[in-house]
Amino acid sequence: MHFVTFSILVCCSLGLSWANDWGYPDLDDNTDAAFPDWGGLCDSGKRQSPINLEAKWSLRGKFDELKFHSYDTHQKNLEMVNNGHSIQIDDFDDVLMLNGGGLAHEYEVEQIHLHWWSEHTINSVRYPLEVHIVHRNRLYPNMTMATNFKDGIVVIGVLFHVSNTPNEAIASILKNLGDVKAYSRVNKPVTVANSLAVSDLMPESKGNYYTYAGSLTTPSCAESVIWIVLTETLPVTLDQVEEFKEIEYSNGKQLHNNYRNLQSMNNRAVVLVEAEERTNAAAGRTASIGLILILGLAAQKLFL
Ligand SMILES: *[C@@H]1O[C@H](CO)[C@@H](O)[C@H](O)[C@H]1NC(C)=O
Ligand SMILES: [Zn+2]
C-alpha cells in the first residue's frame, strides 16, 4: 500500500505519466510486500501473464516444427539499455524470423530482455532467471500497432536453472552491464562490444514448450501475446544472477527483483507441445523415451 501511495505522489508531483512510473515491490524490505496495482488491463484483464505451467493441467498439442531463421547468426553492434525495469538488448543486424509451429503468421525479433527471478513457474517451481525474446507479427509495422491485436506478439520464454557452470551467453551480456547499471545511465543505450547469437540464449530442444494466449508482463499488459515457454532450461550461476540485481532504477536503489506475480488462469487452455519422433523406421514400435528424444534432436538438426 505504501508503495502505491508513494508512486502516486511521485507521479503527480513530477508531472510524469502513470505509465512511466510503475515498479515492482521492494522484497528486500518486506518479502510479503503486496504486488502493486499497475492499473488498466493489468488489473482488469482476463488473459494476463505470467502463469504457473503444469503438465497435468495442459492439453497435448502436436504442430509442425517451429522454424528459426538467422537465430544462430552472430549479431554485431547490438544495443543494450537499462530501462529501469530490466536490461534490454535490441538493434539486430538481421531479420530474425520465426514461423511454423501453431503460428499462422511470420514474426520477427524486436528485442530481448531478462527477468530475475523467473516470471513463469513450471509445476509451481520458480527459476532464477527468465529471458524473453519478443517478436512482432510482421503484418503490423511496429510494436505499438502489434499490441492492438491478439496475435500481434510472440514471446519466447527461456528459463534458467541454478548451476555451478557459468553461462557463456549470459556472461557476454554481463560484460557490458557496468556501462549501463548506474541510475544516471537509465534509458541511455550502449553498443555491445562482443557479438551474440540469439540461439546462444536458447536450449538445444526448441520443440518442447508450453504455449498459451497471454499478455505483456509489464504495463500496458496488452493482451496480444502468444507465449511459447520452452521446457528445457539452461544453466546459470547464482553469482551471475546477482550481477543483474545491481542495476539501479532510481538514485541508489537497485532492482533486486523484476518479476510480475502469477495471474489468474480464467479457464484458459495451456497446450503442451512435445517434439515428435520424425522417422518411419520407429513407427508402430514402442520406442523408449530416450530414443524418441535422440530421434527428435536428430530430426531438428535435419530440418532447422
Ligand atoms: C506505428 O505505425 C503506425 C501505422 O503506420 C503509425 O501511425 C505510428 O505512428 C507508428 N508508431 C510508432 C511508435 O512508430
Ligand atoms: Zn518480459
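Counting begins at 1 with the first residue of the sequence. Ligands are counted one by one from 1 in listed order, and the atoms in each one are counted from 1 as well.
Each of Leu53, Val229, Leu66, Leu272 was evaluated against Tyr209; a single residue qualifies, Leu66, per the side chain to side chain contact (heavy atoms under 4.5 Å, CB included) test.
Asn142 ND2, 3.2 Å is the protein heavy atom nearest to atom 14 (O) of ligand 1. What sits closest to atom 4 (C) of ligand 1 on the protein, heavy atoms only, is Pro141 CG, 4.0 Å.
In this structure, atom 11 (N) of ligand 1 is in close contact with the protein, since a protein heavy atom lies within 4.0 Å of it.
No side-chain donor from either of Asp94 and His69 sits under 3.5 Å from a side-chain acceptor of the other. Neither side chain, Tyr107 nor Asp151, offers a donor N or O lying under 3.5 Å from an acceptor on the other.
The tally of protein N/O/S atoms under 2.8 Å from the Zn ion (ligand 2) stands at 3.
Contact atoms of ligand 1 toward Thr144: 13 (C) (distance under 4.0 Å to a heavy atom of the residue). Using a 4.0 Å cut-off to heavy atoms of Met145, the atoms of ligand 1 that qualify are 1 (C), 2 (O), 3 (C).
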- Task: Begin from the C-alpha positions of Tyr212 and Ser49 and carry the test side-chain hydrogen bond (donor to acceptor under 3.5 Å, both in side chains) through to its verdict.
- Result: CA-CA 10 Å; Tyr212 75 97; Ser49 297; 2.8 Å; yes
- Query: Taking it one step at a time, do His113 and Ser86 satisfy side-chain hydrogen bond (donor to acceptor under 3.5 Å, both in side chains)?
  - Reply: CA-CA 6 Å; His113 62 265; Ser86 182; 5.4 Å; no
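Surrounding OH of Tyr183 are at most 12 heavy atoms belonging to other residues, nucleotides or ligands under 6.0 Å away. The number of heavy-atom neighbours closer than 6.0 Å to NZ of Lys245, taken from other residues, nucleotides and ligands shown, is above 12.
Ring orientation note: the planes of Trp38 and Tyr24 are nearly perpendicular, at an angle over 60° on the 30°/60° scale.
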